[in-house]
Undergrad: 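Before I ask anything, let me first share the structure, which is written out below as structure tokens.
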Amino acid sequence: VICYGATYALPGGGTVGASGIYKDTLSNFRGCDSIVTTNLTVSPLIATTTNAVICSNITYTLPDGTIVNTAGTYKDTLVARNGCDSVITTNLSLIAASTFSQTINRCTGQNYTLPGGNAVTTAGTYIDTINTTAGCDSIITTTLTFVSAVSSSQSITLCNGNTFMLPGGAAVTTAGVYQDTLAAQGGCDSIITTTITIKPNATSTQTHTMCSGN
């Protein structure tokens with residue numbers, strides 16, 4: 001039995017590399033014929049194929065022990081259990097890290113929990129690297145902006161005894177400075193300051209002289 005690709009030297013001096021039955025006629029020391037029959041078997045080449053997928057940030061160990069991290073087709077020739085060659089073909093594919101960007105707006109005083117789990121209260125750009133369901137890295141870039149409260153003011157003059165309805169819904173009849181905090185369109189606070197002045201009623205005095213009977 002020989003391995004695939006090897007050759008065998010027959011007793012008659014010929015060299016063969018294919019399975020078969022070979023007969024050689026030789027002469028012994030007495031000059032008589034000696035017939036040698038050789039039953040030759042060629043062990044087939046053992047060839048296997050492996051398809052492997054890894055993340056782009058890790059390495060892969062080939063059957064011969066070589067460590068690689070580049071996609072491609074690799075062939076390793078090893079010695080099988082029967083002593084013949086075993087050819088293993090590895091088709092290696094890489095999964096690149098996925099990237100994602102998002103822009104988040106929050107009101108001043110609030111916080112935001114990043115994809116990595118950290119809660120932040122400061123505007124800026126944050127990068128989180130997390131594992132996806134496939135086990136590979138997913139890089140998420142978050143641009144965080146905080147919106148300040150919107151402030152406005154108004155001055156109102158009322159006649160004594162009149163009523164004014166504040167933006168928050170309260171009715172007032174007294175001079176003073178009032179602040180209402182409302183939710184603006186973006187969901188953040190809108191602070192409205194209202195200054196109310198009460199205008200007093202006008203008073204006057206007049207003196208009349210009348211003739212008797214008028």
Side-chain angles (χ1 to χ4, degrees), residues 47-78 86-158 163-197:
T48 58
T49 300
T50 300
N51 296 316
V53 180
I54 62 172
C55 303
S56 59
N57 62 323
I58 65 175
T59 59
Y60 182 79
T61 302
L62 296 172
D64 68 348
T66 303
I67 298 175
V68 295
N69 61 356
T70 305
T73 299
Y74 300 89
K75 287 189 177 182
D76 295 288
T77 302
L78 307 177
S86 173
V87 178
I88 303 176
T89 301
T90 303
N91 297 315
L92 183 62
S93 301
L94 301 184
I95 299 177
S98 59
T99 58
F100 176 72
S101 298
Q102 60 178 351
T103 300
I104 303 296
N105 294 321
R106 284 291 183 269
C107 303
T108 300
Q110 296 179 343
N111 60 30
Y112 176 74
T113 302
L114 297 170
N118 292 327
V120 293
T121 57
T122 305
T125 300
Y126 300 88
I127 298 178
D128 290 281
T129 301
I130 59 178
N131 287 328
T132 63
T133 54
C136 299
D137 285 345
S138 176
I139 301 173
I140 304 176
T141 301
T142 303
T143 301
L144 183 60
T145 303
F146 284 93
V147 180
S148 300
V150 180
S151 299
S152 62
S153 60
Q154 59 180 348
S155 296
I156 303 297
T157 301
L158 295 177
T163 302
F164 179 76
M165 191 71 67
L166 293 172
V172 294
T173 58
T174 308
V177 178
Y178 301 89
Q179 278 193 342
D180 291 281
T181 302
L182 308 177
Q185 186 173 356
C188 300
D189 288 344
S190 175
I191 300 174
I192 304 175
T193 302
T194 303
T195 302
I196 294 182
T197 303

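Numbering starts at 1 and runs along the sequence shown.
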Undergrad: To check you understand the geometry: which heavy-atom pair defines the closest contact between S93 and A71, and what is its length?
TA: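 Heavy atoms of S93 and A71 come nearest at CA-CB, 4.4 Å.
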Undergrad: Kindly give the heavy-atom pair with the smallest separation between L94 and N69, and that separation in Å.
TA: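 Nearest pair, atom of L94 first, then N69: CD1-O, 3.4 Å.
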Undergrad: Could you tell me the separation between the CD1 atom of I156 and the CD1 atom of I196, rounded to the nearest 0.5 Å?
TA: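 Separation between the atoms: 7.0 Å.
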Undergrad: Do you know the tightest heavy-atom contact between C188 and R106?
TA: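 Taking every non-hydrogen atom into account, SG-C, 4.5 Å.
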Undergrad: Could you tell me the separation between the OG1 atom of T122 and the CG atom of N111, rounded to the nearest 0.5 Å?
TA: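 Answer rounded to 0.5 Å: 10.5 Å.
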Undergrad: Looking at every heavy atom in both P167 and D180, which two are closest together, and how far apart are they?
TA: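 Where P167 meets D180 most closely, the heavy atoms are CD-OD2, 3.5 Å.
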Undergrad: Nearest heavy-atom pair of L158 and T163: which atoms, and what distance?
TA: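 Reported closest heavy-atom pair: CD1-C, 4.2 Å.
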Undergrad: Measure the spacing between OG1 of T121 and CG of L144 and express it to the nearest 0.5 Å.
TA: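 CG of L144 is found 9.0 Å from OG1 of T121.
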Undergrad: Decide yes or no on side chain to side chain contact (heavy atoms under 4.5 Å, CB included) for T66 and Y74, but give the supporting numbers first.
TA: CA-CA 10 Å; T66 303; Y74 300 89; over 6 Å; no
Undergrad: Could you walk me through whether N51 and T49 satisfy the side chain to side chain contact (heavy atoms under 4.5 Å, CB included) test, starting with their C-alpha distance in whole Å, then the side-chain angles of each, then the deciding distance to 0.1 Å, before giving a yes or no?
TA: CA-CA 7 Å; N51 296 316; T49 300; 4.3 Å; yes
Undergrad: Return the OG1 to CG distance between T99 and D137, rounded to the nearest 0.5 Å.
TA: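 That separation rounds to 12.0 Å.
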Undergrad: About how many Å separate CD1 of I192 and CG of L166, when rounded to the nearest 0.5 Å?
TA: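 If I round to the nearest 0.5 Å, the distance is 9.5 Å.
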Undergrad: Measuring only between side-chain heavy atoms, which start at C-beta, is T194 closer than 4.5 Å to F164?
TA: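 The answer is yes; the side chains approach within 4.5 Å.
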Undergrad: Please step through side-chain hydrogen bond (donor to acceptor under 3.5 Å, both in side chains) for the pair T195 and S155, ending with a clear verdict.
TA: CA-CA 5 Å; T195 302; S155 296; 4.7 Å; no
Undergrad: So, taking the atom named CD1 in I54 and the one named OG1 in T59, what distance separates them when rounded to the nearest 0.5 Å?
TA: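 One gets 6.5 Å once the value is rounded to the nearest 0.5 Å.
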Undergrad: Apply the test side chain to side chain contact (heavy atoms under 4.5 Å, CB included) to residues I58 and Y60: give CA-CA distance (whole Å), side-chain angles for both, the deciding distance (0.1 Å), then the verdict.
TA: CA-CA 7 Å; I58 65 175; Y60 182 79; over 6 Å; no
Undergrad: Would you say the side-chain atoms of T181 pair up with the backbone N or O of I191, donor to acceptor, closer than 3.5 Å?
TA: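 Not a single qualifying donor-acceptor pair exists.
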Undergrad: Looking only at heavy atoms, which two atoms of G116 and I130 are closest? And how far apart?
TA: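 Looks like CA-CG2, 4.3 Å.
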Undergrad: Under a 3.5 Å cutoff, is there a donor and acceptor pairing between the side chains of N91 and T73?
TA: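 Yes, because at least one side-chain N or O of N91 sits under 3.5 Å from a partner of the opposite role on T73.
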Undergrad: Can you confirm whether the side chains of S138 and S98 place a donor and an acceptor under 3.5 Å from each other?
TA: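 Note: S138 and S98 side chains meet the donor-acceptor criterion.
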